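What follows is one structure encoded as structure tokens, with my remarks underneath.
Quick caveat, the model's predicted, so the values are computed rather than measured. Residue indices begin at 1 and follow the sequence shown.
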Amino acid sequence: MTVSLFIDVACKTGESPVYDAKTKRFYFVDIPGKLLFSYDLTTEALKPYQLPSPITSIALTDAPDFLRVTSAHGFGTFDLKEGHLSLENQLTLPDSDRMNDGKLDPSGQYVAGSINEEDGETASLYRLRHDGSVDVLLENLTNSNGLVWSEDGKTLYHIDTPTKKVYAFDYAADQPLTNRRVAIDLEDEDGFPDGMTKDTEGHVFIAHYAGSCLTRWNLETGEKLAQIDFPVSNPTCPILYEDRLLVTTAADGDDSEHAGAVFEVTY
């Protein structure tokens with residue numbers, strides 16, 4: 001496995017990489033920088049959008065220039081043509097909290113969590129339903145992060161970063177989470193688990209913030225399959241792009257060359 005520089009930016013907290021196969025665009029954000037980036041994989045043109053408030057996660061829609069997003073305090077949309085952020089579904093969060101990682105569930109509902117930026121346990125995991133209502137799926141979290149679902153959509157895997165574990169839950173699109181159990185224990189691993197993505201074999205890659213690596217795990221057995229070391233301290237989130245991974249990183253507290261850039265992993 002090899003790691004190479006892909007997009008040379010210096011995001012304080014680069015996050016939420018998303019690849020749109022239809023448009024051949026790659027999106028990611030710098031949360032504290034209040035920036036959304038669109039990268040054309042055909043022309044290699046990078047377009048930054050300066051935002052009035054941060055976007056913390058991105059989800060694709062059927063419209064090529066329209067994204068669903070989470071903002072600092074809830075759910076919204078972003079019009080790429082107009083460069084306009086709309087904040088349709090805002091939540092009442094504690095002053096210490098903001099929204100963080102999120103993805104669409106298998107039915108297309110937006111599941112996203114929050115982070116307590118003072119390390120308190122007031123964060124939650126939310127689900128924006130098709131009718132606009134919001135479920136609270138989990139409470140008493142500190143830093144709600146990586147999310148993936150099983151192939152049949154009946155199991156949700158979720159990271160609350162300080163626990164250093166991936167928890168599994170029975171999942172249904174219109175029901176609360178049940179049957180919490182530990183799927184992966186990362187207690188002995190470097191850094192803290194951040195973003196997570198599934199590969200074509202159903203295994204997961206996990207970014208280790210402050211750990212300078214990605215790890216690959218078998219979700220069924222909890223077995224560690226591989227480790228990929230990085231030249232920067234803070235990988236934040238991997239995604240699949242064709243036959244490789246694209247990985248955002250954070251420059252916060254890292255003086256390494258290319259800290260905060262996007263990297264490519266071939267394997």
Side-chain angles (χ1 to χ4, degrees), residues 1 3 13-17 31 56-57 100-103 111-125 137-151 155-171 177-240 245-254 256 259 263 265 267:
M1 298 186 184
V3 179
T13 306
E15 270 288 5
S16 193
I31 296 174
T56 68
S57 73
N100 199 38
D101 204 358
K103 291 180 180 176
V111 177
S114 58
I115 176 175
N116 182 304
E117 297 188 300
E118 299 172 2
D119 296 327
E121 297 181 355
T122 61
S124 298
L125 182 67
L137 296 177
L138 293 171
E139 295 182 287
N140 302 317
L141 306 175
T142 299
N143 182 357
S144 180
N145 240 313
L147 297 158
V148 298
W149 281 263
S150 59
E151 288 300 314
T155 305
L156 167 66
Y157 298 91
H158 173 257
I159 293 170
D160 183 18
T161 291
T163 69
K164 298 192 74 170
K165 292 176 176 61
V166 179
Y167 287 98
F169 301 85
D170 291 351
Y171 187 84
L177 299 182
T178 58
N179 192 21
R180 178 179 182 261
R181 65 265 189 200
V182 176
I184 299 171
D185 190 338
L186 299 104
E187 187 62 41
D188 295 331
E189 302 295 324
D190 292 335
F192 295 90
D194 196 330
M196 173 170 60
T197 196
K198 283 179 67 179
D199 65 19
T200 55
E201 297 179 34
H203 303 314
V204 290
F205 284 95
I206 297 174
H208 290 243
Y209 195 96
S212 301
C213 68
L214 295 183
T215 53
R216 186 177 185 233
W217 300 81
N218 184 318
L219 279 173
E220 298 300 320
T221 66
E223 176 190 2
K224 183 179 178 181
L225 304 174
Q227 178 168 318
I228 307 163
D229 293 326
F230 266 62
V232 295
S233 295
N234 304 320
T236 57
C237 192
I239 59 159
L240 280 181
L245 296 168
L246 298 180
V247 185
T248 49
T249 68
D252 192 20
D254 183 5
S256 304
F263 289 83
V265 177
Y267 65 98

I need the [X] [atom1] to [Y] [atom2] distance, nearest 0.5 Å.
X	Y	atom1	atom2	answer
I239	K103	CD1	NZ	9.0 Å
K224	I184	NZ	CD1	11.5 Å
L219	S150	CG	OG	9.0 Å
D160	I115	CG	CD1	9.5 Å
M196	H158	CE	NE2	8.0 Å
L186	I159	CG	CD1	7.0 Å

Applying side-chain hydrogen bond (donor to acceptor under 3.5 Å, both in side chains), can you list everything that pairs with [X], at least two apart in sequence or on another chain?
X	result
K198	E151
N116	S96, D97, T122
N143	N100, N145
D185	none

Do S124 and S114 pair up side chain to side chain, a donor and an acceptor below 3.5 Å, judged on atom types alone?
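Side chains of S124 and S114: no pair found under 3.5 Å.
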Ignoring hydrogens and angles, tell me if any N or O in the side chain of [X] forms a donor-acceptor pair with the backbone of [Y] under 3.5 Å.
X	Y	result
T56	D101	no
T236	G14	yes
T161	P193	yes
D254	A259	no

Residue pairs involving residues 212-240 (criterion ring pair (Phe, Tyr, Trp, His ring centres under 6.0 Å); sequence neighbours excluded)
F230-F263
Is there side-chain contact between [X] and [Y], with at least one heavy-atom pair below 4.5 Å?
X	Y	value
V204	D199	no
L125	L156	yes
W149	V111	yes

Of the non-hydrogen atoms in [X] and [Y], which two are nearest, and what is the gap between them?
X	Y	answer
A123	T142	CB-O, 3.7 Å
P17	P238	CG-C, 4.4 Å
P235	T249	CA-CG2, 4.0 Å

Salt bridge (charged side-chain N to carboxylate O under 4.0 Å, His left out) with E201: which residues, sequence neighbours excluded?
R216
Of all residues at least two apart in sequence or in a different chain, which pass the salt bridge (charged side-chain N to carboxylate O under 4.0 Å, His left out) check with E117?
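Expected list: R98.
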So does N179 have more than 12 non-hydrogen atoms from other groups sitting under 6.0 Å from CG?
yes
Check the pair L245, F205 against side chain to side chain contact (heavy atoms under 4.5 Å, CB included), reporting the backbone distance first and the verdict last.
CA-CA 9 Å; L245 296 168; F205 284 95; 3.8 Å; yes
Applying the side chain to side chain donor-acceptor pair (under 3.5 Å) test to H208, which of D229, T215, D190 qualifies?
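Among D229, T215, D190, the one that satisfies the side chain to side chain donor-acceptor pair (under 3.5 Å) with H208 is T215.
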Sequence neighbours excluded, which residues qualify as side chain to side chain contact (heavy atoms under 4.5 Å, CB included) partners of [X]?
X	result
N218	H203, E220, T221, E223, L225
A210	N234
A168	T155, Y157, R181, A183
Y167	T163, K165, F169, R180, V182

For Y209, check ring-ring contact (aromatic ring centres under 6.0 Å, His included) against everything at least two apart and list the hits.
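Counting only residues at least two positions away or on another chain, Y209 forms no ring-ring contact (aromatic ring centres under 6.0 Å, His included).
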Determine, stepwise, if the pair D194 / E15 fulfils side chain to side chain contact (heavy atoms under 4.5 Å, CB included).
CA-CA 10 Å; D194 196 330; E15 270 288 5; 3.1 Å; yes
